[in-house]
Amino acid sequence: MAQAQRPSSANIRDFESATVVSELIQIAEYITHMRDEIAALRANEMTRDRIPMAHEELGSVLAATAGATNRIMAAAESILSLPDGAEHRPVLEEHIGTIFEACAFQDITGQRISKVVDALQSFEQRLDRFIGAVRARDAAISDPVERARRERASELMLNGPQAEEIATTQDDIDALFA
Amino acid sequence: MALDLSMPILVVDDYQTMVRIIRNLLKQLGFEEVDDASDGTAALARMKGRKYGLVISDWNMEPMTGYELLRHVRADESLRTTPFIMVTAESKTENVIAAKKAGVNNYIVKPFNAATLKSKIEAVCGS
C-alpha cells in the first residue's frame with residue numbers, strides 16, 4: 001500500500017520536465033513580448049532621426065535668438081548715440097525698422113520649438129508604454145560624471161530658472177533685504 | 001541718493017548679451033567705468049588688479065559660480081568690503097537666503113528692468 005502511494009522516480013521526472021517546459025514557454029512568451037515592446041519604442045528612429053532633429057532645431061533657435069538680440073541691441077545702442085535734432089529722424093526710423101525686422105525671429109523659432117515639443121511628446125508616450133510593459137524601476141546613477149554633476153549642482157544650488165508660479169518674486173526678495 | 005558715478009563696476013556673467021545689457025543700463029545711469037568677466041575665477045583675477053566700487057554677478061557660471069565668487073570675496077581680507085549684488089535667474093528662496101548668509105548686499109532676479117537695477121545700486125552704494 002505504502003509503495004503504491006509513493007511517486008515513482010519516472011513520475012517525478014515527468015512532473016519536473018513539465019514544470020521546466022512550462023517555465024521555458026513563459027520565458028519565451030515574455031521575451032517575445034519584450035521584443036515587441038522594444039520594437040514599439042522605435043529606439044533607432046529616435047536616435048537616428050528625432051533626437052538629431054531636436055538638437056538641430058534647438059541649435060537654430062539659439063542662433064536665431066542670439067542673432068536677433070544682437071541686431072536689436074546694436075540698433076538700440078545706435079539710437080542712444082544719436083545726437084539731438086530732428087534731422088536725425090530718418091536714421092532713427094531706419095534703426096527702428098531694423099528692430100521690427102529682428103523681432104520676426106519669434107515666428108520662426110516658435111515653429112521650430114513646436115517641432116521639438118511634438119518629438120518630446122512622442123518620446124514620452126513611447127517611454128511610458130515601455131516602462132509599463134517592463135515594470136521598470138530606476139537604478140541608482142552609476143555614471144560618475146553624471147553623479148558628480150548632480151552633486152555639484154546640489155551643493156552650489158544651481159537650480160536654474162523656476163516656473164513663474166513657484167519662483168520667489170522680486171518683492172519677496174526685497175522683503176528679505178529690508 | 002548720491003551715487004559716485006566714477007566708481008569702477010565689475011559685471012560678471014558668462015552670457016555676453018547679459019553683460020551688454022547691464023553695461024548699457026549702467027551707461028544710462030551714468031556709470032562709465034565698467035569692466036566685465038565671464039566667471040568667478042576671471043572676476044577674482046580682475047579684482048586682484050583693480051579696486052571695484054561694486055560687483056554685479058550672475059550665479060550660474062562655469063567653472064566658478066557667482067555664489068563661490070561671493071564666498072571667496074567675503075573670505076578675502078582685501079576684498080571683503082566690496083559691495084556685491086547678485087543678478088540671476090536663480091529664484092528659489094534657498095538661493096536668496098544662502099546668498100544673504102554669504103554676505104551679498106542685494107539680489108535681483110532676471111528678467112529685471114533698469115529701475116530695479118538702479119534702486120538696488122542706490123540701496124547698496126548710495127551715500
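Owing to the predicted nature of the structure, the values given are computational and were not obtained by experimental measurement. Sequence lines set the chain letters: A, B, ... in the order given, protein chains first and strands last, and positions in each chain run from 1.
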Identify whether the distance between the nearest side-chain nitrogen and carboxylate oxygen of [X] and [Y] falls below 4.0 Å.
{"X": "A:Arg112", "Y": "A:Glu56", "result": "no"}
{"X": "B:Lys110", "Y": "B:Glu90", "result": "no"}
{"X": "A:Glu146", "Y": "A:Arg149", "result": "yes"}
{"X": "A:Arg89", "Y": "A:Glu94", "result": "no"}

By a 4.5 Å heavy-atom criterion (distance strictly below it), what part of [X] contacts chain B: side chain, backbone, both, or neither?
{"X": "A:Leu80", "value": "side chain"}
{"X": "A:Ala163", "value": "neither"}
{"X": "A:Asp172", "value": "neither"}

(message) With chain B as the partner, which of A:Thr169, A:Thr69, A:Ile166, A:Leu156 has the greatest number of non-hydrogen pairs under 4.5 Å?
(response) A:Leu156
(message) Tell me whether the NZ or CZ atom of B:Lys100 lies within the 45° cone about the ring axis of A:Phe177 and under 6.0 Å from its centre.
(response) yes
(message) Within 45 degrees of the ring normal and closer than 6.0 Å to the centroid, is that where the cationic atom of B:Arg71 sits relative to B:Tyr67?
(response) yes
So which of [options] has the largest heavy-atom pair count under 4.5 angstrom toward chain A?
{"options": "B:Glu68, B:Arg20, B:Lys120", "answer": "B:Arg20"}
{"options": "B:Gln28, B:Gln16, B:Glu62, B:Lys27", "answer": "B:Glu62"}
{"options": "B:Thr116, B:Ile97, B:Asn24", "answer": "B:Asn24"}

(message) With a 4.5 angstrom heavy-atom cut-off, is it the side chain or the backbone of B:Met61 that approaches chain A, or both, or neither?
(response) backbone
